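First up is the structure itself, then whatever we jot down about it.
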Protein chains: 2
Amino acid sequence: MASAMGSLHLDLKDCGNCPIRHRAVCSRCEADELEVLEDIKYYRSYEAGQPILWSGDHMEFVASVVTGIATLSQTMEDGRTQMVGLLLPSDFIGRPGRDIAQFDVVAVSDVTLCCFRRRPFEDLMTRTPHIGQRLLEMTLDELDSAREWMTVLGRKTAREKIASLLLIVARRDASLRQKLPGDGMSFDLPLTREAMSDYLGLTLETVSRQMSALKKAGIIVLEGKRRVVIPDLEGLVAETGDDMDGGVIA
Amino acid sequence: MASAMGSLHLDLKDCGNCPIRHRAVCSRCEADELEVLEDIKYYRSYEAGQPILWSGDHMEFVASVVTGIATLSQTMEDGRTQMVGLLLPSDFIGRPGRDIAQFDVVAVSDVTLCCFRRRPFEDLMTRTPHIGQRLLEMTLDELDSAREWMTVLGRKTAREKIASLLLIVARRDASLRQKLPGDGMSFDLPLTREAMSDYLGLTLETVSRQMSALKKAGIIVLEGKRRVVIPDLEGLVAETGDDMDGGVIA
DNA sequence: GAGGCCATTTGATCCTGGTCAAAGTCGCGC
DNA sequence: GCGCGACTTTGACCAGGATCAAATGGCCTC
C-alpha cells in the first residue's frame, strides 16, 4: 500500500547509535534483548507527503519513527478530516493485537521508520517484559495528551487553539534540542495552514487570520515561511487560556 | 480528599464472583495471581454526585470501577470544562508510575471501586505480566476511542455530536445486556443535559435544542426524563455523519 | 523575466451555536 | 396541597468562525 524507499546511509543497523535509543519502545531493553530486536528489524523511508498507512489497511508491521514527522488522522466520508496525533521521532506506530489500521498515517516531512513484523514483535513482547512495560508507559502518556487535546478541541476559541498548538511545538522543539523553552526562542513550524486546521478543528482561513492576529499583537514573529520566534513566552502561554500550563514536558 | 463510604454487602471479597472479572485489569490473572490481588485490594463507594479525585490530588491508589458510572474531566481556570472520558464498570482509574491525578473524576451514579494501593500494585505489575498486558490492551483501546472522540469534537455539527453520543450509549447498553442493538431498543441516559454538553463541547441549551429537534424528526422518542427509545437505528446512525460506523463494540 | 503552481492572506457575507433571559416541568419535603 | 429547587425547554439576539471569492506572494521551470 505504501511505497518504501529503503535507503539508509548511516549505520543504523546498530541500535547503540540509534537517535531514539533512549526514548523509543526499545529504550528499556538490555544488550541481549536488543540483539533479538536487531535481527527482526528493518528500515523504511517515506518522502514528505507520502501516505504510510490508510485506515483499513492490513498492518504487517509495527514501527518507531526514527526521523521526520508524520500525522495520524481520521477522515469522514464527506471529506472532513481531523488530525488525532502528531508522530514525532521515537513515537510508535501500530498496536500489538490489531491487524487493521484505524487511522491514516501520512509523512509530513521525510520520514524513516524502524519496523518490526507484527507477529515476531508480538511474540517478543510476551517474552521480554521490558518492551511491554515501555509501550504501556508510552501509551499512557499518549492517552493523557489525547485527553488534553480534547479540551483544546471542545472548549477553546480559535485564538487559544492556535496558541496551544504553537506552545506544544515550541516545547517539543526545545526538548529535542535539550534546552528549556524561553523568551526569544524560535522553531520551525513543520505544518501547512491546512494541516494546522486539521489538527485544531478549524478552517485554514481561520488559522491564517488568527496567525495574522497573533503576529499583529506581537505575540509571535514570523521569519520567512516556516520559522516562528516567540519574543515573550509568558505572553503566548496567556493566549492559550490555561495559564501556568503544567510546566515543561520531557 | 474524597470521602469513602466503605459499604459492601455482597461477597465481593471473592474475585471469582466479581461482576467485572472477565473485563477488568485482572481478567488475565490465574488463580494464584488473584489470591495476591485479593490480599491488597479494598473497596470504596461513592454516592451519585460525589467527587472521587480532583486534578492535582495525590493518588494513593489505582482502582477498577465495579459498578456505576463516573466521568473523567478537565476544567479550565475560567470554568469551562470538557469531559474526556466516561468510566464504566471494568474501566481503570489511575496509572502506575504517576502519583498526581491529571483529571477530575466524579461519580455520576452511585459507584463502587475496587482499589489497590499504588505501590504494591506497581510492584505486583512487574512480577505478574498478565496485569501489565491487560492494562496495555485496555489503554490502547481507550486511546483509540479518545482519538475517535477527537473527530467528534473537532469536526461534527451539534446534531451529529448528539447522535454520536446517543449511539455510543445505546451500543454500550446493548453490550452490557448482551444483546445486539436494533430497532425499537431503549436505554437509560444517565447524563444530565449539562454533562452531555461537557462531553460534546456544546452548551446545555444547544444540547436541549438538538434533543428536541431529533425528537421532532422522529429519530428518538423520549419516555419520561431518562429513557430513550430508538425506533429506527439506521436513522440514528445516519445522523451521526459517519455512516456504516465501524460495527458493534464489545 | 514570464508564466504557472501552490500556499497563504484578506475581504464580504452567512449561519451555527453561544449568550442572556424567562418560563415550564418534575420531584420532594413540609 | 403548596412551595421550593434542580433540571429542562424555549425564545430573542448576537458573534465567532465558516463559506465563498479574489488577491498576493514565493518558488520553480522554461
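Being a predicted model, the structure only gives us computed values, none of them experimental. Numbers restart at 1 for each chain; the letters A, B, ... are given by sequence-line order, proteins then strands.
Take Gln210(B) and apply the side-chain hydrogen bond (donor to acceptor under 3.5 Å, both in side chains) test, not counting sequence neighbours, and it matches no residue. By the ring pair (Phe, Tyr, Trp, His ring centres under 6.0 Å) test, Tyr199(A) is found to be paired with Trp149(A), residues two or more places apart in sequence or in another chain being considered. Remark: Asp144(B) engages Arg95(A), Arg98(A), Gln102(A), Phe103(A) in a side-chain contact (heavy atoms from CB on, under 4.5 Å) (not counting sequence neighbours). Annotation: side-chain hydrogen bond (donor to acceptor under 3.5 Å, both in side chains) contacts of Ser186(A) (sequence neighbours excluded): Arg227(A). Partners of Arg80(B) by side-chain hydrogen bond (donor to acceptor under 3.5 Å, both in side chains), not counting sequence neighbours, listed by chain and number: Glu160(A), Asp78(B). The side-chain hydrogen bond (donor to acceptor under 3.5 Å, both in side chains) test applied to Ser208(B) returns no partner, not counting sequence neighbours.
The list of salt bridge (charged side-chain N to carboxylate O under 4.0 Å, His left out) pairs with a residue in residues 205-216 of chain B, not counting sequence neighbours, is empty. For residues 163-185 of chain B, there are no ring pair (Phe, Tyr, Trp, His ring centres under 6.0 Å) pairs, not counting sequence neighbours.
Note: CG (Leu222(A)) to P (dG26(D)) measures 13 Å, nearest angstrom. In this entry the distance linking NZ of Lys161(A) with C1' of dG17(D) reads 9 Å, nearest Å. Rounded to whole angstrom, the span from the CZ atom of Arg80(B) across to the P atom of dG16(D) amounts to 13 Å. Per the geometry, CD belonging to Glu160(A) stands 12 Å off C1' belonging to dG16(D), to the nearest Å. To the nearest angstrom, P of dC7(D) lies 11 Å from CG of Leu204(B).
Bending across the helix from dG1(C)-dC30(D) to dC30(C)-dG1(D), expressed as the angle between its end axes from five pairs apiece, amounts to 30° (10° rounding).
Chain A approaches DNA chain C within less than 4.0 angstrom (heavy atoms of the protein), and the contacting nucleotides run 5' to 3' from dT8(C) to dA12(C).
Each of Thr206(A) and Arg155(A) was matched to the nucleotide of DNA chain C holding its nearest heavy atom; the match closer to the 5' end belongs to Thr206(A).
Residue Arg226(A) places none of its side-chain N or O atoms closer than 4.0 Å to OP1 or OP2 of dG26(D).
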Mind listing the side-chain donor-acceptor pairs of residues 58-71 of chain B below 3.5 Å, one per line with the distance, residues two or more places apart or on another chain?
residue, atom, partner, partner atom, Å
Thr67(B), OG1, Thr112(B), OG1, 3.1

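Within residues 185-202 of chain A, the residues approaching DNA chain C are Thr192(A), Arg193(A), by heavy-atom distance under 4.0 Å.
Inter-residue side-chain proximity for Asp198(B) and Arg155(A) is flagged as met; some heavy-atom pair is nearer than 4.5 Å. Leu233(B) has its side chain within reach of Leu167(B): a pair of non-hydrogen atoms, C-beta onward, lies under 4.5 Å apart.
Within the nucleic acid shown, Ser212(A) comes within 4.0 Å of sugar-phosphate atoms alone, with no base atom in reach, counting heavy atoms only.
Residue Arg209(B) has its side chain nearest to dT10(D) when only dT10(D), dT9(D), dG17(D) are considered.
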